[in-house]
Number of protein chains: 2
Amino acid sequence: MGKGEYLGEFEQLVMLALVRLGKVGYGMTVRRELEATSGRSVSIGAVYATLDRLEAKGYLSSSVGDPEPVRGGRGRRTFTMEPDGLVALARSRAVLDKMWDGVRLSDLDVS
Amino acid sequence: MGKGEYLGEFEQLVMLALVRLGKVGYGMTVRRELEATSGRSVSIGAVYATLDRLEAKGYLSSSVGDPEPVRGGRGRRTFTMEPDGLVALARSRAVLDKMWDGVRLSDLDVS
DNA sequence: GAAAGTTTCTACAAACTAGAAGTAATAGGC
DNA sequence: GCCTATTACTTCTAGTTTGTAGAAACTTTC
């Protein structure tokens, strides 16, 4: 029973970005979505490494599309969530929710 | 800007367990709380390694108490959340909430 | 050939995990 | 009263997985 059973912190964020993006999920948009929504800066290498790992686990799949008729229009590798990935994501959320249940931020005295 | 700026997945759970436990937070109770609430099995080494790391970051502090007059009553090392830890925890939650915002589980088709 | 948008590669640091070993107390048999 | 078993807890060791960054390569238009 090694690691790999639970989604890491960044893995969760990457998957959520993908869910939010819907059809247009590929490396660069995942990065932008992540930076925009979470407010943290993200290196492109981190995104692809995580995407690759999640794909290897069967949590998502990718396919390379045709080039776009624009400058730099290299074929994009778009990613799609797989059922297992959705389940893993939902489970991560559920565990966190359970742990937060009954804990109030006011108890935490955060200023 | 290295890693260590954001709480890992397990770090979040350990801190939450500590918050939930209040006064009686030490290695073994953190483990039990984690197993009971999150439903996942947790090795004791994982707990202490994480607790140590969080203490090193200043997110929590520990002190060894007097032995209890019970069998195995070794002095316990109890942990307390530090303000920085509470802030980090709240921030992790906020980011995740933002990313989940607008995403419905029904969209995810989780059976 | 310069520029833009994208992916791949390389390499290292941090986080996670497991379990054995060590420590310190009481309990119970003799 | 002492030995050894048992219980509760912490420390240590060592390996795997995740997370991070940025340079390099690719592919297309300008």
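Proteins get letters first, then strands, A, B, ... in listed order; numbering begins at 1 in each.
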Nucleotide by nucleotide, 5' to 3', does protein get under 4.0 Å of the base (B), only the sugar-phosphate (S), or neither (-) in nucleotides 23-30 of chain D, counting heavy atoms?
--BBBBBS
Look at all strands and tell whether Arg31(A) reaches a base, only sugar-phosphate, or nothing, counting heavy atoms closer than 4.0 Å.
nothing
Within this structure, what is the CD-to-C1' distance between Glu5(B) and dA21(D), rounded to whole angstrom?
13 Å
Sub-3.5 Å donor-acceptor pair from the side chain of Glu55(B) to the main-chain atoms of Ser62(B), do we have one?
yes
Residues passing the salt bridge (charged side-chain N to carboxylate O under 4.0 Å, His left out) test with Arg71(A), sequence neighbours excluded, are none
Separation of dC9(C) atom P from Asp52(A) atom CG, nearest Å, is 9 Å
Between Leu7(A) (CG) and dT17(D) (P), how many Å, whole number?
15 Å
Please give, in whole Å, the distance from dT18(D) P to Leu13(A) CG?
15 Å
Taking dT11(D), dT18(D), dT17(C) as options, the one with an atom nearest any side-chain atom of Ser43(B) is dT17(C)
Does Glu82(A) have any side chain to side chain donor-acceptor pair (under 3.5 Å) partners at least two apart in sequence or in another chain, and if so, which?
Ser61(A)
Could you work out, with side chain to side chain donor-acceptor pair (under 3.5 Å) as the rule, every residue matching Asp84(B), not counting sequence neighbours?
none
Would you indicate which nucleotide in dC9(D), dT17(C), dT20(D) comes nearest to any side-chain atom of Ala49(A)?
dT20(D)
I want to check something: taking the side chain as every heavy atom from C-beta on, are Tyr59(A) and Leu7(A) in contact at a cut-off of under 4.5 Å?
yes
What integer distance in Å separates Glu33(A):CD from dT6(C):C1'?
18 Å
Does the side chain of Tyr26(B) get closer than 4.0 angstrom to OP1 or OP2 of dC9(D) through an N or O atom?
yes
Distance, rounded to the nearest Å, where Glu35(B) contributes CD and dT17(C) contributes P
12 Å
Provide, to the nearest angstrom, the distance between the CG atom belonging to Leu34(B) and the P atom belonging to dC16(C).
12 Å
State which residues pass side chain to side chain donor-acceptor pair (under 3.5 Å) with Arg74(B); sequence neighbours excluded, sorted by chain then number.
none
side-chain N/O Arg53(A) vs dG19(D) OP1/OP2, d < 4.0 Å
no
Return the 5'-most residue of the pair Thr78(A), Gly8(B) with respect to DNA chain C, ranking by each residue's nearest nucleotide.
Thr78(A)
Name every donor-acceptor pair, under 3.5 Å, that has one atom in a side chain of residues 16-28 of chain A and the other anywhere in the protein, sequence neighbours excluded.
| unit_1 | atom_1 | unit_2 | atom_2 | d |
| --- | --- | --- | --- | --- |
| Arg20(A) | NE | Glu33(A) | OE2 | 2.6 |
| Arg20(A) | NH1 | Lys98(B) | O | 3.3 |
| Arg20(A) | NH1 | Met99(B) | O | 2.9 |
| Arg20(A) | NH1 | Asp101(B) | O | 2.8 |
| Tyr26(A) | OH | Arg76(A) | NE | 3.2 |
| Tyr26(A) | OH | Arg76(A) | NH2 | 3.3 |

Can you tell me how far P of dT18(D) sits from CD of Glu9(A), to the nearest Å?
13 Å
